Amino acid sequence: MPELPEVEIVKQSLEKSILYKKINKVLVNNRNLRFKVEKNLNKFISNKKILKVLRRSKYIILNFHKNQFLLIHFGMSGTLHLVRNNNSKKTNLSFYHSINLPQKHNHIVIFFNNFKLVYNDPRRFGYLKFFKNLDTLNYYFSNLGLEVLDKRLNLNYLKKVIKNKSKNIKNFLLDQKYIAGIGNIYANEILYYSKINPYKNVNKLNYLELKKIIYFSKLVIKKAIKKGGSSIKDFKNIKGKSGLFQNEFKVYNRENKKCLNKTCLEKIIKVFISNRSSYFCKNCQK
DNA sequence: CCGTTAACCTGAGAGC
DNA sequence: TGCTCTCAGGTTAACG
């Protein structure tokens with residue numbers, strides 16, 4: 001699920017649902033997420049009001065009084081579910097993925113007055129982490145590069161960070177310390193739009209190609225946000241909002257399908273680069 | 001430094 | 001129905 005656009009959609013929904021609301025209590029059903037959830041999480045954030053909902057890269061950040069924060073990362077399979085409390089009427093309060101709460105893997109439940117926010121994560125690669133002040137949060141993010149939509153992400157920035165580097169562009173786009181927020185789906189899509197071969201070394205890219213990378217990174221990410229993100233796996237028997245950007249994939253999940261460039265007769269091929277599936281058109285991406 | 005592999009996990013889907 | 005195998009939107013350590 002969660003690259004930058006999907007996390008941004010969650011963030012926007014959270015703003016509508018939990019901003020300025022007070023947390024009553026937190027129930028931790030399973031502490032064993034990617035990192036062990038603090039024993040005192042309930043103590044830390046109970047009775048605190050959410051003053052801001054932020055997003056940095058693929059992280060959601062809830063901001064409390066006195067610069068205290070709760071960080072949420074979804075890993076590969078984490079989702080948040082807004083669920084009415086039992087005594088309330090059924091409404092369409094859910095904002096992501098499902099209006100039906102999954103049965104299993106509901107690891108953390110955050111209670112508000114009329115509803116609860118449930119963190120579900122079958123694979124448990126995601127995590128929640130509490131920060132007592134801004135310094136520790138900033139330190140935690142100190143290895144992250146510029147946000148893909150940051151205006152400072154321009155030709156000069158890219159030239160600077162690839163200087164004396166030898167690295168293929170696919171791995172470069174996935175490396176969060178250069179550009180933050182791009183994941184495997186969007187890296188594939190960005191390279192197709194830019195007409196660049198994923199194996200191409202960044203030290204072989206000319207300025208025009210670097211400019212294309214910047215332009216299409218921003219464009220693809222913005223388009224995906226507009227479409228509500230991408231939903232690859234649709235869960236059976238679960239209705240609810242899912243993203244629509246998967247309908248616009250040019251290469252991702254399109255192995256052996258025809259290249260969508262009308263003048264091209266090639267089929268999209270799939271290879272593995274550093275263990276991540278990479279889809280591209282040999283003819284269009286040089 | 002660079003690319004690859006494995007590791008952390010569960011579950012869906014394919015093939016048999 | 002079920003078994004085995006591969007793969008999945010992320011991140012990070014270890015290895016060669």
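In this text the structure is predicted, and so the values were computed from the model without any measurement. In what follows, chains are A, B, ... by sequence order, proteins preceding strands, each numbered from 1.
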Counting the atoms with a prime plus P, OP1 and OP2 as sugar-phosphate, which does A:N275 contact under 4.0 Å by heavy atoms, base, sugar-phosphate, or nothing?
base
On DNA chain B, compare the nucleotides closest to A:F125 and A:K165; which residue's is nearer the 5' end?
A:K165
Just the rounded figure in Å: distance from P of C:dC7 to CG of A:N253.
13 Å
What residue among A:F141, A:F131, A:F74 forms ring pair (Phe, Tyr, Trp, His ring centres under 6.0 Å) with A:Y59?
A:F141
Evaluate whether atom NZ of A:K211 has more than 12 neighbouring non-hydrogen atoms of other residues, nucleotides or ligands under 6.0 angstrom away.
no
Considering only atom P, compute the distance from B:dT10 to C:dT1 and round it to an integer number of Å.
24 Å
Are A:K282 and A:E266 close enough for a salt bridge, meaning some N to O gap below 4.0 Å?
no
Determine the contact category for A:Y186: base if any of its heavy atoms lies under 4.0 Å from a base atom, sugar-phosphate if only primed atoms, P, OP1 or OP2 are that close, otherwise nothing.
nothing
Counting just side-chain N and O atoms, does A:K170 come under 4.0 Å of either OP1 or OP2 of B:dG3?
no
Assign each of A:S274 and A:P122 to its nearest nucleotide of DNA chain B by heavy atoms, then name whichever residue's nucleotide is nearer the 5' end.
A:S274
Does A:N168 make a side-chain N or O approach to OP1 or OP2 of B:dG3 shorter than 4.0 Å?
yes
Can you check the A:F172 CZ to B:dT4 P distance for me, whole Å?
17 Å
How many whole angstroms separate atom CE of A:M76 from atom C1' of C:dT6?
13 Å
Is any side-chain heavy atom of A:K159 less than 4.5 Å from a side-chain heavy atom of A:Y207?
yes
Would one find a side-chain N or O of A:H105 under 4.0 angstrom from OP1 or OP2 of B:dC9?
no
Side-chain (A:K250) to main-chain (A:N188) donor-acceptor, under 3.5 angstrom
no
Just N and O in the side chain of A:Q176: are any of them under 4.0 Å from OP1 or OP2 of C:dG10?
no
Taking atom P of C:dG10 as reference, at what distance in whole Å does atom NZ of A:K177 sit?
16 Å
Under 4.0 angstrom, heavy atoms only, what part of the nucleic acid is A:R124 near: base, sugar-phosphate, or nothing?
sugar-phosphate
With a non-hydrogen cut-off below 4.0 angstrom, is A:K270 in contact with a base, only sugar-phosphate, or nothing?
sugar-phosphate
Paired to B:dC8 by Watson-Crick or G-U wobble criteria (both distances under 3.5 Å) is C:dG10
Length of the CG-P vector between A:N188 and C:dA8, whole Å
10 Å
For A:D121, answer base if it contacts any base atom (sugar-phosphate contacts may also be present), sugar-phosphate if it contacts only those atoms, and nothing otherwise; contact means non-hydrogen atoms under 4.0 Å.
nothing
Classify A:S166 by what it touches in the nucleic acid, base, sugar-phosphate, or nothing, heavy-atom distance under 4.0 Å.
sugar-phosphate
If only side-chain N and O atoms of A:S277 are considered, is one of them under 4.0 Å from the OP1 or OP2 phosphate oxygen of C:dA8?
yes
In short, A:I213 meets A:S217 closest at the heavy-atom pair O-OG, 2.6 Å
Rounded to whole Å, the CG-P distance (A:N184 to C:dC7) equals 13 Å
Is there a side-chain polar atom (N or O) of A:H73 under 4.0 Å from OP1 or OP2 of C:dT11?
yes
Separation of A:N201 atom CG from B:dC2 atom C1', in whole Å?
10 Å
What is the distance, rounded to the nearest whole Å, between atom CG of A:D175 and atom P of B:dC2?
9 Å
Might you work through the side chain to side chain contact (heavy atoms under 4.5 Å, CB included) test for A:F44 and A:K132, ending with a clear yes or no?
CA-CA 9 Å; A:F44 288 149; A:K132 287 184 163 65; 3.6 Å; yes
For B:dC1 versus C:dG10, give the span between their C1' atoms, rounded off to a whole number of Å.
23 Å
First encountered from the 5' end of DNA chain C, between A:R123 and A:L174:
A:R123
Using a cut-off of strictly less than 4.0 Å, decide whether A:K104 has a side-chain nitrogen or oxygen near OP1 or OP2 of B:dG11.
yes
Mind checking the P distance from B:dC8 to C:dC3? Whole angstroms is fine.
24 Å
Expressed in whole Å, how much space separates the P atoms belonging to B:dT4 and C:dC7?
16 Å
